[in-house]
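Here the structure is laid out as structure tokens; the discussion comes afterwards.
Indexing begins at 1, ligand by ligand and atom by atom, following the structure's order. When reading the values below, keep in mind they use all heavy atoms of this one structure, side chains included, and skip hydrogens, waters and symmetry mates.
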Amino acid sequence: MKIDVVVIGSGQAGVPLAARLAEAGRRVVIAERKALGGTCVNYGCTPTKTMVASAHAAHVARTAARFGVKAGPVRIDMAAVVGRKDRIVRQWRDGVRKRLQKAPRLTLVRGHARFIRPRQVEIAGERYEADVVIVNVGARPAVPPIPGLGEVPWLDNSRIMQLRRVPQHLIVLGGGYIGCEFAQMFRRFGAKVTVVERSARLLSTEEPEASAALEGVFRGEGIRLVTKAKARSVSGGARAVTLRLDGGRKVTGSHLLVAVGRRPNTDDLGAEAGGIRLDADGYIEVDERYRTSADGVYGVGDCTPGPQFTHAAWDDHRILFDLLQGHGTRTRNDRLVPITAFTDPQVARIGLTERDARARGYAPEAATMAFGEIARAVETDQTAGTMKILLDPKTEKVLGVSIVGAEAGELIHIFGPVMVAGVSARAIVDGEYVHPTFAEGVQSLVMSLDRYAIG
Ligand SMILES: Cc1cc2nc3c(=O)[nH]c(=O)nc-3n(C[C@H](O)[C@H](O)[C@H](O)COP(=O)(O)OP(=O)(O)OC[C@H]3O[C@@H](n4cnc5c(N)ncnc54)[C@H](O)[C@@H]3O)c2cc1C
């Protein structure tokens, strides 16, 4: 069948692209082999943040005495936690279905899509030939080649969110943002938790100060951290899993979560038949305008190299839509992608870390400030954390900001428009901030740079 556009995957870029291109007059087919909405809605952002909220409620209830509030013993009803999560996931998934149904000229085809030739795709036994094919196939958990892993009932991000009982002792392999969110969540649900991380610190791509702040909180909550530890083998069964680490160390727990990264869903895409070049890790190679090596075929979202976040995939859709409609000015290269780990405190960053800034030849002017210096942090007893700003001394432009603290994921957005506009950090200094808010603390961070100090 001849069609204008085929979109493969109903992820965070694919759905809005398919709907908007159809609304703009093109005949579009979108293929989805599993749940509508992809990772974010079904196995990523939505379910994790819903369960993080339950864990947070447990934590506040358990520690209410610090506010002068007496609460009884906290009991976790895991089935209710999971039920709430499932309801919210269903709600978002339904929203995706309605969005697709609403668009004219758009057909949803359920099934696995595979290239059979450049711009020719087979889905559920039907062949589609299109002028434009957009690949939004996403990624899945990477499975590390650890001997014995195949013989134990390990958990991934999807399976762990279906547990109806709190694990007695959860081992989390991987101290990246997914591993950290689950570690704290399950600790707050009452599990004993051990995080095993290969590098020297949690969230190893973030500022060392950020890692140290989070590690302090984790240890304070009773999470055991085993860093600089490479897993050598796994053994065990349904009741106990033992992870053997290099140096003869071992950790035994009741459950094992593997969160060591993601790999793109490109192995069964027929990329070669489609003329689509993949990099050594299987990611689809794209240029700054999302063009793959095959004419008329574009790659967006987690299956392309780059930051794997919903907002990045969503932004891919905006940029590519404009390019396909012939009025695009932005490219995937000239954008800032903020990040947040939804731990408590949250860990957020925009722009460069100090190490990366120096590697790019900057000699940044830096300031740091403890989150606990913010009045609101003291008043709400959320003093854990630290903030850091890097400025280019020549231009006064912000190079990067890292915030560990309450609502850091919100606060980091103060810097986005300033950085996108390319204006001086003085724009933040000259503004007026409501007291008492966390945001006024962010202004204080900028004002603690020597050049803005008020004595
Ligand atoms: C535990 C976890 C927590 C996360 N938390 C956050 C967060 O808080 N904030 C954030 O920004 N990001 C978060 N992410 C990342 C975020 O979920 C992804 O970056 C985002 O979903 C990327 O979307 P995508 O559009 O690239 O692909 P996906 O959402 O993965 O969609 C790809 C779709 O393509 C389908 N598909 C694959 N191959 C084929 C094929 N051949 N034929 C047909 N269909 C196919 C898949 O079934 C899937 O539905 C999290 C991820 C995880 C795992």
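- Under a 4.0 Å heavy-atom criterion, R140 is not in contact with ligand 1.
- At the shortest separation from atom 37 (C) of ligand 1 among protein heavy atoms lies V137 O, 3.2 Å.
- By heavy-atom distance, the residue among F182, W314, Y177, F309 lying nearest atom 50 (C) of ligand 1 is Y177.
- Within ligand 1, counting atoms from 1 as listed, the ones closer than 4.0 Å to a heavy atom of F342 are 8 (O).
- Counting non-hydrogen atoms of other residues, nucleotides and ligands closer than 6.0 Å to CG of N333 gives a total above 12.
- Proximity of G14 to ligand 1 is not established, as no heavy-atom distance is less than 4.0 Å.
- Interface of H311 with ligand 1, defined as ligand atoms under 4.0 Å from a residue heavy atom, comprises 11 (O).
- The residues K49 and E181 are annotated as salt-bridged, a charged nitrogen and a carboxylate oxygen being separated by less than 4.0 angstrom.
- Salt bridge E440/R376: absent, no basic N to carboxylate O contact under 4.0 Å.
- Contacts between R114 and ligand 1, counted as non-hydrogen atom pairs separated by less than 4.0 Å, are absent for every part of the residue.
- With ring centers used as reference points, F321 lies 6.0 Å or more from Y290.
- Ligand 1 has A35 within reach: a non-hydrogen atom of the residue lies less than 4.0 Å from it.
- Counting non-hydrogen atoms of other residues, nucleotides and ligands closer than 6.0 Å to CD of Q101 gives a total above 12.
- The pair R277-E285 counts as a salt bridge, with a side-chain nitrogen and a carboxylate oxygen less than 4.0 angstrom apart.
- In the candidate list Q12, R33, E32, R33 is nearest to atom 38 (N) of ligand 1, counting heavy atoms.
- For K230, the NZ atom sits in a loose shell: 12 or fewer heavy atoms of surrounding residues, nucleotides or ligands are nearer than 6.0 Å.
- The single protein non-hydrogen atom nearest to atom 8 (O) of ligand 1 is K49 NZ, 2.7 Å, given as residue, atom name and distance.
- Residue contacts with ligand 1 for I8 involve side-chain atoms from C-beta outward but no N, CA, C or O (heavy atoms, distance under 4.0 Å).
- With a 6.0 Å cutoff to the six-membered ring centre and a 45° limit on the axis angle, R97 does not count as a cation-pi contact of W92.
- For the residue pair E288 / T331, no side-chain donor-acceptor distance below 3.5 Å is found, with atom types taken as modelled.
- Ring centroids of W314 and H317 are separated by less than 6.0 Å, placing the two rings close together.
- Counting heavy atoms under 4.0 Å from ligand 1, residue I178 touches it through the side chain alone.
- Look at R187 and E221 and you find no salt bridge, because none of the NZ, NE, NH1 or NH2 atoms lies under 4.0 Å from a carboxylate O.
- Ligand 1 places these atoms under 4.0 Å from at least one heavy atom of G111: 42 (N), 43 (C).
- Protein heavy atom in closest approach to atom 29 (O) of ligand 1: T39 N, 2.9 Å.
- What sits closest to atom 16 (C) of ligand 1 on the protein, heavy atoms only, is T310 OG1, 3.5 Å.
- Residue R159 places its CZ atom among more than 12 non-hydrogen atoms of other residues, nucleotides or ligands, all under 6.0 Å distant.
- In summary, the atoms of ligand 1 found under 4.0 Å from a heavy atom of G301, numbered by their order in the structure, are 26 (O).
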Taking only distance into account, with no hydrogens and no angle test, what donor-acceptor pairs under 3.5 Å do side-chain atoms of residues 104-115 form with protein atoms, sequence neighbours excluded?
{"residue": "R105", "atom": "NE", "partner": "A22", "partner atom": "O", "Å": "3.1"}
{"residue": "R105", "atom": "NH2", "partner": "A22", "partner atom": "O", "Å": "3.1"}
{"residue": "R110", "atom": "NH2", "partner": "K34", "partner atom": "O", "Å": "2.5"}
{"residue": "H112", "atom": "ND1", "partner": "R33", "partner atom": "NH1", "Å": "3.1"}
{"residue": "H112", "atom": "NE2", "partner": "D268", "partner atom": "O", "Å": "2.7"}
{"residue": "R114", "atom": "NH1", "partner": "D268", "partner atom": "O", "Å": "3.4"}

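- In terms of protein heavy-atom proximity, atom 13 (C) of ligand 1 is nearest to C45 SG, 3.3 Å.
- Residue nearest to atom 26 (O) of ligand 1, selected from V300, D302, V15, N157: D302 (by heavy-atom distance).
- Protein heavy atom at the shortest distance from atom 41 (N) of ligand 1 is A113 O, 3.0 Å.
- The closest approach between any non-hydrogen atom of P47 and ligand 1 is not below 4.0 Å.
- For atom 27 (O) of ligand 1, the closest non-hydrogen atom on the protein side is G138 CA, 3.4 Å.
- The ring of F342 has its center no closer than 6.0 angstrom to the ring center of Y177.
- At a heavy-atom cutoff of 4.0 Å, ligand 1 is contacted by no atom of E181, backbone or side chain.
- Regarding atom 24 (P) of ligand 1, its nearest protein heavy-atom neighbour is N136 ND2, 3.5 Å.
- For A13, every heavy-atom contact with ligand 1 shorter than 4.0 Å involves the backbone, none the side chain.
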